[in-house]
Amino acid sequence: MRMQRRQFLRYAAGAIGAAMMCDGGQHGAFAAAGADSTIDPAKGYAVQPIGDDLYWITDGAYSTMFLVTAAGVIACDAPPTLGANYLKAIAEVTDRPVTHLIYSHEHVDHIAGAHLFPKGITIIGHRRTAELLVSRNDARRPPLSVTFEDSYTLDHGGQRLDLAYKGANHSVDSIFIFAPRQKALMAVDIVYPGWMPYKNLGVAVDIPGFVAAHRQILAYDFETLVAGHVSRPGRRADVTTQVELLKDLADAAGRAYAALPFPAFLTQHPPGRDGKSAWDLHQDYEQVLVSRMADELRPRWRDRLAGTETYLRDNCWAMLETFVVQGKPDFSGL
């Protein structure tokens, strides 16, 4: 290991500062906005120790982690926005080679920097990820060397990572990556620490599964959450805050549908008027419901989560849609 003491103290201070912003009274929009100060503009990224040779790296929009072992480095994901900076970050803390790369899921924005990693490394991911990558035929995302179905334990150089697939949520192939010794969990595109989720609840393919993923996350004994996005790590409180938001969205959607069913909207806005068919009017109907939900929820969330003005309406729409497409999510146990 060749990290200098001065570097370590600087990175540790940044990590402590991010944790303090996360856990403090103004942990939402203010913490998220302030955490970017840990990134050196000249470098374009920050690398910080989580603990016991596990490191977190971010460029302010994307984040991931890597684990240094006695036998080499295990990298998780390869966001193309980090690109070669990911390898630079690893080189800042160790001269050991990268031997493994884990894909959290197949999405371009999280693993399309993988082609920059050394040839011949072992790439691990879910069976469904392997199938999808074959169909994508994308040279930026090299194929998997090792696949698994439900779970996989990587013991390497005195370190351990537990990989698990628990069903579709953000994507059909998303996995959880857990470092038990460091009590760190990597769960990508589900929780957005300090922020309103990205549009349409993180572009989730399965909203009930997305909600269930929060229950699955909280079942882990973790202290640090590597969420794949935003400029600070998360904590358990970030997960419970987002659960509260999801419940608010679901309750508001239920009230909106109950107050104005589609047939009642068509009575007020008969098809044919203004040249609009019933199918055209369904879009108008949904936008009325979205506006009602957003107006109700905005006062409760705009000072708690950054990005509320940007993403709230899209997330209202996603929750409305899941009621009629996949069914109301199950919040039992949350």
Side-chain angles (χ1 to χ4, degrees), residues 22-23 27-29 31-32 104-105 150-151 162 164-172 174-178 180 183-230 232-258 293-294 296-308 311-312 314-334:
C22 174
D23 293 334
H27 68 281
S104 67
H105 62 308
D150 298 317
S151 63
D162 295 332
Y165 176 73
K166 299 178 183 293
N169 45 66
H170 164 70
S171 67
V172 297
S174 294
I175 66 169
F176 297 95
I177 306 167
F178 183 52
K183 292 192 173 183
L185 175 66
M186 184 167 170
V188 175
D189 286 332
I190 299 169
V191 178
Y192 295 76
W195 283 79
M196 177 70 55
Y198 185 68
K199 64 180 67 176
N200 301 340
L201 295 176
V203 201
V205 301
D206 189 314
I207 302 300
F210 180 83
V211 171
H214 292 70
R215 184 185 303 109
Q216 294 156 0
I217 288 171
L218 290 170
Y220 282 91
D221 181 21
F222 77 94
E223 295 176 356
T224 302
L225 178 69
V226 177
H229 285 288
V230 309
R232 67 167 174 83
R235 298 290 185 267
R236 298 187 74 87
D238 293 303
V239 186
T240 56
T241 294
Q242 191 163 293
V243 168
E244 184 182 347
L245 169 68
L246 293 173
K247 289 179 177 178
D248 270 3
L249 286 167
D251 290 345
R255 286 190 291 270
Y257 277 128
M293 291 176 64
E296 176 187 341
L297 298 178
R298 188 177 295 108
R300 293 213 293 271
W301 289 100
R302 62 188 170 199
D303 294 328
R304 295 184 64 189
L305 294 177
T308 292
Y311 297 123
L312 177 59
D314 288 323
N315 288 327
C316 289
W317 178 84
M319 188 59 76
L320 281 168
E321 284 298 290
T322 198
F323 272 54
V324 297
V325 174
Q326 296 173 317
K328 180 181 179 180
D330 177 12
F331 287 94
S332 61
L334 283 171

Problem set entry | Partner of His170 by ring-ring contact (aromatic ring centres under 6.0 Å, His included), out of His214, His105, His229 | His105

Exercise. If you measure from CG on Asn315 to CG on Leu245, what distance do you get to the nearest 0.5 Å?
Worked result: 7.0 Å

Problem set entry | Test side-chain contact (heavy atoms from CB on, under 4.5 Å) applied to Val324 and Tyr257, step by step | CA-CA 10 Å; Val324 297; Tyr257 277 128; 3.8 Å; yes

Seminar exercise, completed: To the nearest 0.5 Å, atom NZ of Lys166 lies from atom CD1 of Ile217 at 10.5 Å

Problem set entry | Residues forming a side chain to side chain contact (heavy atoms under 4.5 Å, CB included) with Ala213, sequence neighbours excluded | Asn169, Phe176, Ile190, Gln216

For this session: Kindly give the heavy-atom pair with the smallest separation between Pro208 and Pro329, and that separation in Å.
Result: CA-CB, 4.2 Å

For this session: Write out all pairs satisfying salt bridge (charged side-chain N to carboxylate O under 4.0 Å, His left out) with one or both partners inside residues 187-207, taking only residues at least two apart or from two chains.
Result: none

For this session: Could you walk me through whether Val211 and Leu201 pass the side-chain contact (heavy atoms from CB on, under 4.5 Å) test, one step at a time?
Result: CA-CA 10 Å; Val211 171; Leu201 295 176; over 6 Å; no

Seminar exercise, completed: On a heavy-atom basis, the closest approach of Lys328 and Ala250 is CE-CB, 4.5 Å

For this session: Spell out, as yes or no, whether a donor-acceptor pair under 3.5 Å connects the side chain of Gln242 to the backbone of Pro197.
Result: no

Seminar exercise, completed: When every non-hydrogen atom of Leu305 is compared with those of Thr308, the smallest separation belongs to O-OG1, 2.7 Å

Seminar exercise, completed: Sorted by chain and residue number, the side chain to side chain contact (heavy atoms under 4.5 Å, CB included) partners of Asp162 (sequence neighbours excluded) come out as Thr153, Arg160, Phe178, Pro180

Seminar exercise, completed: The reported gap from OG1 in Thr322 to CZ in Phe210 (rounded to nearest 0.5 angstrom) is 11.0 Å

For this session: Begin with the C-alpha distance, continue with both residues' side-chain angles, and end with the deciding distance and a verdict on side-chain contact (heavy atoms from CB on, under 4.5 Å) for Lys247 and Leu334.
Result: CA-CA 9 Å; Lys247 289 179 177 178; Leu334 283 171; 4.2 Å; yes

Exercise. What's the shortest heavy-atom distance between Leu297 and Cys316, and which atoms?
Worked result: CD1-SG, 4.4 Å

For this session: Kindly compute the distance separating CG (Asp251) from CZ (Phe331), expressed to the nearest 0.5 Å.
Result: 7.5 Å

Exercise. What distance separates Arg232 CZ from Asp238 CG, expressed to the nearest 0.5 Å?
Worked result: 4.0 Å

For this session: Please list, chain by chain and in numerical order, all residues satisfying side chain to side chain contact (heavy atoms under 4.5 Å, CB included) with Arg236, sequence neighbours excluded.
Result: Leu218, Phe222

Exercise. Taking only residues two or more places apart in sequence, or in another chain, which ones meet Ala253 in a side chain to side chain contact (heavy atoms under 4.5 Å, CB included)?
Worked result: Met293, Met319, Leu320, Phe323

For this session: Rounded to the nearest 0.5 Å, what's the gap from CG on Leu225 to NZ on Lys183? Could you check?
Result: 15.0 Å

For this session: Only counting residues at least two apart or in another chain, list the ones meeting side chain to side chain donor-acceptor pair (under 3.5 Å) with Arg300.
Result: Asp248

For this session: Please examine the side chains of Tyr198 and Val230, heavy atoms only from C-beta on, and report whether any two atoms are closer than 4.5 Å.
Result: no

Problem set entry | Residue pair Ser104 / Val188: nearest heavy atoms and the distance that separates them | OG-CG2, 3.7 Å

Problem set entry | Which atom of Ser174 lies closest to which atom of Tyr165, heavy atoms considered | O-CD1, 3.3 Å

